[in-house]
K.L.:
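Handing you this structure, nothing more for now.
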Amino acid sequence: MEVIVARTAEEMSKVAAQEVVDVLNAKPNAVLGMATGSTPLGVYQELVKLHRRGELDFSHVTTFNLDEYVGLPITHPQSYHQFMHENFFRQVNIPAQNIHIPSGTTTNYPAFCAWYEQRIRECGGIDLQILGIGSDGHIAFNEPGSSLSSRTRLKTLARQTIDDNARFFEHRDDVPIYAITMGVGTILEARKIVLVASGKGKAKAIAQTVEG
Ligand code: PGA
């Protein structure tokens with residue numbers, strides 16, 4: 001593990017974006033793991049900037065998102081489908097058929113989760129996973145106590161996560177209580193992980209992540 005301390009969130013985003021650039025330079029058809037949240041947003045803005053300048057091509061890239069709220073239609077402004085479309089996918093050139101995001105509206109979650117895991121394997125595994133961290137230390141929607149060997153599955157959100165995410169919804173009661181998420185085991189299989197965190201609210205989670 002390498003810990004890089006950046007002076008600003010912008011600098012942090014540039015460092016993380018450079019990791020993506022390095023992976024794509026070495027392997028233009030890399031498989032990227034994508035994360036949502038306010039922290040990775042800066043990374044996507046950097047990547048979009050590089051793409052617009054003609055310095056970064058995503059035409060052979062495949063992506064897998066970490067998670068999605070259960071019960072929100074993909075057009076809901078707070079769905080992670082919508083977040084990714086608005087903030088990244090519609091601004092770069094990843095072929096639509098190469099984009100994978102867990103479904104929050106499937107009628108058969110166990111079958112969908114098994115299919116998602118299988119798709120990741122069929123695509124050769126994730127080369128680089130972009131990751132945020134919750135103030136309670138969660139990665140994706142793997143709340144504290146999740147098994148280190150867990151795979152893609154349904155999870156109940158922790159109270160802290162619902163509180164943290166309530167700022168994006170009109171009422172706290174509107175925050176979904178379930179999510180579909182890659183497991184910790186799924187995430188740890190990525191060949192490289194770039195975890196981004198910024199601000200005082202994440203300090204404790206990061207200290208515990210780095211120092212144990
Ligand atoms: P945030 O979310 O970047 O919006 O703080 C991070 C997370 O919960 O993974």
Side-chain angles (χ1 to χ4, degrees), residues 1 3-6 8-17 19-20 32-48 63-72 76-89 100-102 104 126 128-148 150 152-170 172 174-188 190 192-210:
M1 175 166 62
V3 180
I4 303 173
V5 181
T8 62
E10 195 188 344
E11 195 186 316
M12 173 197 74
S13 301
K14 284 194 170 134
V15 171
E19 293 290 336
V20 178
L32 300 180
M34 314 304 285
T36 51
S38 44
T39 320
L41 201 50
V43 183
Y44 298 143
Q45 283 162 356
E46 284 301 322
L47 294 175
V48 167
T63 65
F64 286 90
N65 262 80
L66 288 167
D67 48 10
E68 176 58 288
Y69 287 118
V70 164
L72 296 190
H76 189 287
Q78 295 308 329
S79 79
Y80 288 170
H81 278 76
Q82 193 67 15
F83 177 99
M84 288 308 299
H85 182 72
E86 279 305 311
N87 295 304
F88 191 56
F89 293 140
H100 305 83
I101 305 178
I126 293 170
L128 175 70
Q129 176 67 58
I130 298 168
L131 196 59
I133 188 166
S135 62
D136 67 357
H138 69 218
I139 52 170
F141 275 128
N142 295 285
E143 297 292 8
S146 294
S147 160
L148 295 184
S150 51
T152 303
R153 69 211 183 292
L154 277 188
K155 280 295 282 182
T156 307
L157 304 192
R159 181 185 297 262
Q160 178 70 52
T161 302
I162 294 175
D163 288 345
D164 286 350
N165 292 2
R167 68 188 192 278
F168 299 115
F169 291 82
E170 205 170 328
R172 188 183 184 281
D174 296 338
V175 184
I177 49 177
Y178 301 107
I180 175 168
T181 181
M182 274 188 208
V184 181
T186 322
I187 294 168
L188 291 180
K192 189 165 199 175
I193 298 174
V194 176
L195 188 155
V196 282
S198 125
K200 205 171 161 185
K202 301 289 173 69
K204 194 169 163 223
I206 286 297
Q208 289 180 347
T209 303
V210 173

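Note that the coordinates shown come from a computational prediction; the quantities given were computed from them, not determined experimentally. Remember, it's 1-based here, ligands and their atoms both numbered in the order they're listed.
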K.L.:
Give me the nearest non-hydrogen protein atom to atom 5 (O) of ligand 1 as residue plus atom name, then the distance to 0.1 Å.
P.N.:
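Its nearest protein heavy-atom neighbour is K202 NZ, 2.6 Å.
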K.L.:
At less than 4.0 angstrom from any non-hydrogen atom of G37, what atoms of ligand 1 do you find?
P.N.:
3 (O), 4 (O)
K.L.:
Is the Y69 to F141 ring centre distance short of 6.0 Å?
P.N.:
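Judged by ring-centre distance (under 6.0 Å), Y69 and F141 do meet the cut-off.
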K.L.:
Which residue supplies the protein heavy atom nearest to atom 3 (O) of ligand 1, what is that atom called, and how far is it?
P.N.:
T39 OG1, 2.5 Å
K.L.:
Identify, for atom 7 (C) of ligand 1, the protein heavy atom at the shortest distance, and state residue, atom and that distance.
P.N.:
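Scanning the protein heavy atoms, the shortest distance from atom 7 (C) of ligand 1 goes to H138 NE2, 3.5 Å.
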K.L.:
So among T39, I4, V5, which one has a side-chain contact (heavy atoms from CB on, under 4.5 Å) with M12?
P.N.:
T39
K.L.:
Considering only the protein, which heavy-atom contact is closest to atom 1 (P) of ligand 1, and what is its distance?
P.N.:
S38 OG, 3.4 Å
K.L.:
Would you kindly specify which portion of T161 sits under 4.0 Å from ligand 1, judged on non-hydrogen atoms: side chain, backbone, both or neither?
P.N.:
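Neither; nothing of T161 gets under 4.0 Å from ligand 1.
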K.L.:
Which label fits F169 and H76: parallel for a plane angle under 30°, tilted from 30 to 60°, or perpendicular past 60°?
P.N.:
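It falls in the tilted class, 30° to 60°.
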K.L.:
Looking only at protein heavy atoms, which one is nearest to atom 6 (C) of ligand 1, and what is the separation?
P.N.:
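Ranking protein heavy atoms by distance from atom 6 (C) of ligand 1, first comes I133 O, 3.5 Å.
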K.L.:
In terms of heavy-atom contacts, does CD of E11 have more than 12 from other residues, nucleotides or ligands at under 6.0 Å?
P.N.:
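Yes, CD of E11 has more than 12 neighbouring heavy atoms, counting only those of other groups under 6.0 Å.
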K.L.:
Quick one about E143 and T161 (side-chain donor to acceptor, distance below 3.5 Å, no hydrogens or angles considered), yes or no?
P.N.:
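Note: T161 and E143 side chains meet the donor-acceptor criterion.
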K.L.:
Roughly how far, to the nearest 0.5 Å, is the CZ atom of F83 from the CG atom of L41?
P.N.:
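It comes to 4.5 Å.
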K.L.:
Any heavy atom of R167 sitting closer than 4.0 Å to ligand 1?
P.N.:
yes
K.L.:
Looking at every non-hydrogen atom in both residues, tell me the closest pair between P102 and H81 and how far apart they are.
P.N.:
O-CE1, 3.1 Å
K.L.:
Which atoms of ligand 1 are found less than 4.0 Å from any heavy atom of G134?
P.N.:
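Checking each atom against G134, I get 7 (C), 8 (O), 9 (O).
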